[in-house]
Visitor: 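Quick one: this structure, given as C-alpha cells, is what I'll be asking you about.
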Amino acid sequence: MAWVLKMDEVIESGLVHDFDATLSGIGQELGAGAYSMSDVLALPIFKQEDSSLPLDGETKHPPFQYVMCAATSPAVKLHDETLTYLNQGQSYEIRMLDNRKMGDMPEITGKLVKSIIRVVFHDRRLQYTEHQQLEGWKWNRPGDRLLDLDIPMSVGIIDTRTNPSQLNAVEFLWDPAKRTSAFIQVHCISTEFTPRKHGGEKGVPFRIQVDTFKQNENGEYTDHLHSASCQIKVFKPKGADRKQKTDREKMEKRTAHEKEKYQPSYDTTILTECSPWPDTPTAYVNSSPSTAPAFTSPQQGTCSIPDSNSSSPNHQGDGVSQASSEQLQPSATIQETQQWLLKNRFSSYTRLFSNFSGADLLKLTKEDLVQICGAADGIRLYNSLKSRSVRPRLTIYVCQEQPSSSPLQGQQPAGGGGDSGSGTPYVYHAIYLEEMVASEVARKLALVFNIPFHQINQVYRQGPTGIHILVSDQMVQNFQDESCFLFFTVKAENGDGIHIVLK
C-alpha cells in the first residue's frame, strides 16, 4: 500500500512540473514579441464567422422618418411602445423628413409624394368596429372632424384634402427635398370611446399613422412607399400636461433600481415603421390645385340598401323584401354572403366579413358578434342570422274586388268569406303593419297589388248606407287584428290618381 501511495506522489509532482513549464512557456511567447489582434482575426475560423455577419449596406433603411413634437411619457416600461399624451384641439407638429441615402429611390427625386395622416384605434377590438364607433361620434358631434390640419402653421404641404366621409384622415402632397411640417389637431378624446359605468374610466389609446405613396403609371398616388405610427392618448385641454406631470412625479418617487425598468421621457416622438393602413388609397391625380378632388368612398357605389318598404316579414309581392327575409344558408358562397349582408342593412360590415362564407358567419356566437360589431348591431346581426323577425303590430287580410264581380250594396260583407259570385273564392293577401298609421296601409296595399303609390290619393272605408269614411291613423289603431277587407278603386274627382275603398 505504501508503494502505491509513493507512486501517486511521483506522478502528481511530475504533472505539476509539466503544467508549470507549459505556463512559463506561454508567458515567454507573449513576452517575446508584440501581441497582434489582427493576426488572431486572420485565422480561418474568424474569417468564416466574419463573412456571415450582415454588411452595413444590407440593413433596412427607411426612406422617410416622421417626428411628432410632443414628449413621450416616462411611465412606460423599457420594452413597451412609447406613449404620448396630446391635448384636444391643440396643434402638434409632425416633421416629414427625407431619410434616403444617396441613390435610393431615384424615381421620386424631384417629384411630389402623397401622405395620409390618420388617427385610428390602437385596440384591435375597436378597429373591428371603427366605422360604427366613428358614426356614433359623428352623431354626437355633428359638423366636427376627429382630425384636422392646421394649414396656416404647416410648412411645405401642397393641395391638402379632406374627405367628408373620412373624418379621421387628412392628406396632402409634399416634396421630400424641401422642409415639410404638418401641424395636426385631434378633436376626439380617449374617454369618448369608453363605456360609461361609474365615472373615472380609463381612456382608450389611439394611433397616429402616416402612410406615404408615390405616383403610378397613371399619375395616381397609389404606390405605397412607407408607413409609420405611434401610440397616443388624447385629453381635454391642459389634461395632457397634468398627466405628464403626474407620471413624472410618480417616477421620481421610485427607487433607482425601479427606474431602470422604465424608458426615459423624450422631447419628441419618433413614429415607428408599421404596415400600411388597409384602406385603398383614394384616386389622387397630380393635376392643378384648382381641380376638384375625386374621392372614392369604400361605402359607396356597391352598397344597395333595401327600401323601408320591404319590412313586411312574410310579404311576397316585393322581390327585395322577399330576398331580405331569406335566411342565410350554410352553403352560401362568399359573394352570396356579401349580398345577404347588403340586403339586410349590414353594408358597413361587408369589408370586415369580406372573406366569410355562410358557414363561417353562422359559426359566430352572439358574444362574438357583439364584440366585433358592438352591442346594437351585434344583436341585430345575430337575430337576422337566426331568422328572428319582428312580430308586426297589426295583420289584416285584403282582397282586390274585380269590376265584373263587384257585389251590390247589402251583399255579404268581406269578413264573412264566401265566393266572388262566379264560384271562384276570394283570394286574400296578408298585410303586415309595423306602424299603425294610414299611410302605412296605403303603402303596403300599393306594394302587394302593384299600384303606383304616388297615384293613391286617399284610402276610404265603406260605412253604413255605402258612405265613404276617410281612413285616419286613429281608425287604423282601432282595427281588429286579422280583420278581412275587400277593396276596389275609383278614379279621383279631378281625374288625377285613384281612391281605394275598403269594404
Visitor: Side chains of Ser384 and Asn344: donor-acceptor distance under 3.5 Å anywhere?
Guide: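 No, no side-chain donor-acceptor contact under 3.5 Å.
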
Visitor: Does the side chain of Trp277 come within less than 4.5 Å of Val120's, by heavy atoms?
Guide: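 Yes; the side chains approach each other to less than 4.5 Å.
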
Visitor: Between Glu435 and Arg393, is there a salt bridge with N-O shorter than 4.0 Å?
Guide: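 Looking at Glu435 together with Arg393, the answer is no, because their closest N to O distance does not fall below 4.0 Å.
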
Visitor: Would you check if there is a donor-acceptor pair between the side chains of Asp241 and Tyr85 at a distance under 3.5 Å?
Guide: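 Result is no, nothing qualifies.
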
Visitor: Under a 4.5 Å cut-off applied to non-hydrogen side-chain atoms, are Glu171 and Lys114 in contact?
Guide: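 They are in side-chain contact.
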
Visitor: Under the criterion salt bridge (charged side-chain N to carboxylate O under 4.0 Å, His left out), which of Lys250, Lys243, Lys245 is the partner of Asp247?
Guide: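 Per the salt bridge (charged side-chain N to carboxylate O under 4.0 Å, His left out) rule, the option paired with Asp247 is Lys243, out of Lys250, Lys243, Lys245.
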
Visitor: Regarding Thr84 and Thr269, is there a side-chain donor-to-acceptor distance under 3.5 Å anywhere?
Guide: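 Per modelled atom types, Thr84 and Thr269 side chains form a pair under 3.5 Å.
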
Visitor: Give a yes or no on whether a salt bridge exists between Asp159 and Arg161, defined as a side-chain N under 4.0 angstrom from a carboxylate O.
Guide: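 Here Asp159 pairs with Arg161 in a salt bridge, since their nearest N and O are under 4.0 Å apart.
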
Visitor: With a 4.5 Å heavy-atom cut-off, do Gln400 and Phe487 have their side chains touching?
Guide: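 They are in side-chain contact.
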
Visitor: Would a distance-only check, ignoring hydrogens and angles, find a side-chain to backbone donor-acceptor pair under 3.5 Å from Arg141 to Leu146?
Guide: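 No: the side chain of Arg141 does not pair with the backbone of Leu146.
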
Visitor: Cut-off 3.5 Å, side chains only: do Tyr382 and Thr365 have a donor facing an acceptor?
Guide: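 Note: Tyr382 and Thr365 side chains miss the donor-acceptor criterion.
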
Visitor: Is it the case that atom CG in Asp80 sees more than 12 heavy atoms from other parts of the structure closer than 6.0 Å?
Guide: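 Counting other residues, nucleotides and ligands, CG of Asp80 exceeds 12 neighbours.
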
Visitor: Rounded to the nearest 0.5 Å, what's the gap from OG on Ser229 to CD1 on Ile117? Could you check?
Guide: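 If I round to the nearest 0.5 Å, the distance is 12.5 Å.
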
Visitor: Could you tell me whether His226 and Phe213 have their ring centroids closer than 6.0 angstrom?
Guide: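 They do not qualify: ring centres at least 6.0 Å apart.
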
Visitor: If we count only N and O atoms by modelled type, under 3.5 Å, do the side chains of Gln166 and Asn168 hold a donor and an acceptor together?
Guide: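 No, Asn168 and Gln166 have no side-chain donor paired with an acceptor closer than 3.5 Å.
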
Visitor: Assess whether side-chain hydrogen bond (donor to acceptor under 3.5 Å, both in side chains) is satisfied between Thr212 and Ser115, documenting all intermediate values.
Guide: CA-CA 4 Å; Thr212 300; Ser115 287; 2.8 Å; yes

Visitor: Hey, which of Leu328, Thr350, Leu362, Asp360 is the one that makes side-chain contact (heavy atoms from CB on, under 4.5 Å) with Thr337?
Guide: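 The passing option is Leu328.
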
Visitor: Kindly indicate whether the side chain of Ile158, heavy atoms from C-beta on, has any atom under 4.5 Å from the side chain of Asp175.
Guide: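 A side-chain contact under 4.5 Å is absent here.
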
Visitor: Does some side-chain heavy atom of Met68 sit less than 4.5 Å from a side-chain heavy atom of Arg95?
Guide: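 Heavy-atom side-chain distance check fails, nothing below 4.5 Å.
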
Visitor: Would you indicate whether the side-chain heavy atoms of Ile396 and Phe485 approach each other to under 4.5 Å?
Guide: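 Yes, side chains in contact.
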
Visitor: Below 4.5 Å, heavy atoms only, C-beta onward: do Tyr92 and Asp150 meet side chain to side chain?
Guide: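 SC-SC contact between Tyr92 and Asp150 ruled out.
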
Visitor: Between Gln209 and Arg118 (side chain of the first, backbone of the second, donor and acceptor by atom type, cut-off under 3.5 Å), is there such a pair?
Guide: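 Such a contact is absent between Gln209 side chain and Arg118 backbone.
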
Visitor: Report yes or no: does Asn216 contribute a side-chain atom to a donor-acceptor pair with the main-chain N or O of Gly219 at less than 3.5 Å?
Guide: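 Present.
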
Visitor: Which distance, rounded to the nearest 0.5 Å, do you find between the OG of Ser154 and the CE of Met96?
Guide: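 One gets 10.5 Å once the value is rounded to the nearest 0.5 Å.
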
Visitor: Are the side chains of Val113 and Leu225 in touch, meaning some heavy atoms are under 4.5 Å apart?
Guide: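 In contact.
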
Visitor: Report the residues that fulfil ring pair (Phe, Tyr, Trp, His ring centres under 6.0 Å) with His499, sequence neighbours left out, ordered by chain and then residue number.
Guide: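 Ring pair (Phe, Tyr, Trp, His ring centres under 6.0 Å) check on His499 returns Tyr460.
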
Visitor: Assess whether side-chain hydrogen bond (donor to acceptor under 3.5 Å, both in side chains) is satisfied between Tyr349 and Asp377, documenting all intermediate values.
Guide: CA-CA 10 Å; Tyr349 298 100; Asp377 281 342; 2.8 Å; yes

Visitor: Is it true that the side chains of Ser181 and Glu93 contain a donor and an acceptor less than 3.5 Å apart?
Guide: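 Distance-only check passes for Ser181 and Glu93.
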
Visitor: Decide if the gap between the ring center of Trp174 and the ring center of Phe64 is smaller than 6.0 angstrom.
Guide: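 When the ring centroids of Trp174 and Phe64 are compared, they turn out to be within the sub-6.0 Å range.
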
Visitor: Distance-only, no hydrogens or angles: does the Gln244 side chain make a donor-acceptor pair with backbone N or O of Thr72 under 3.5 Å?
Guide: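 Indeed, once roles are kept as given, a pair shorter than 3.5 Å links the two residues.
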
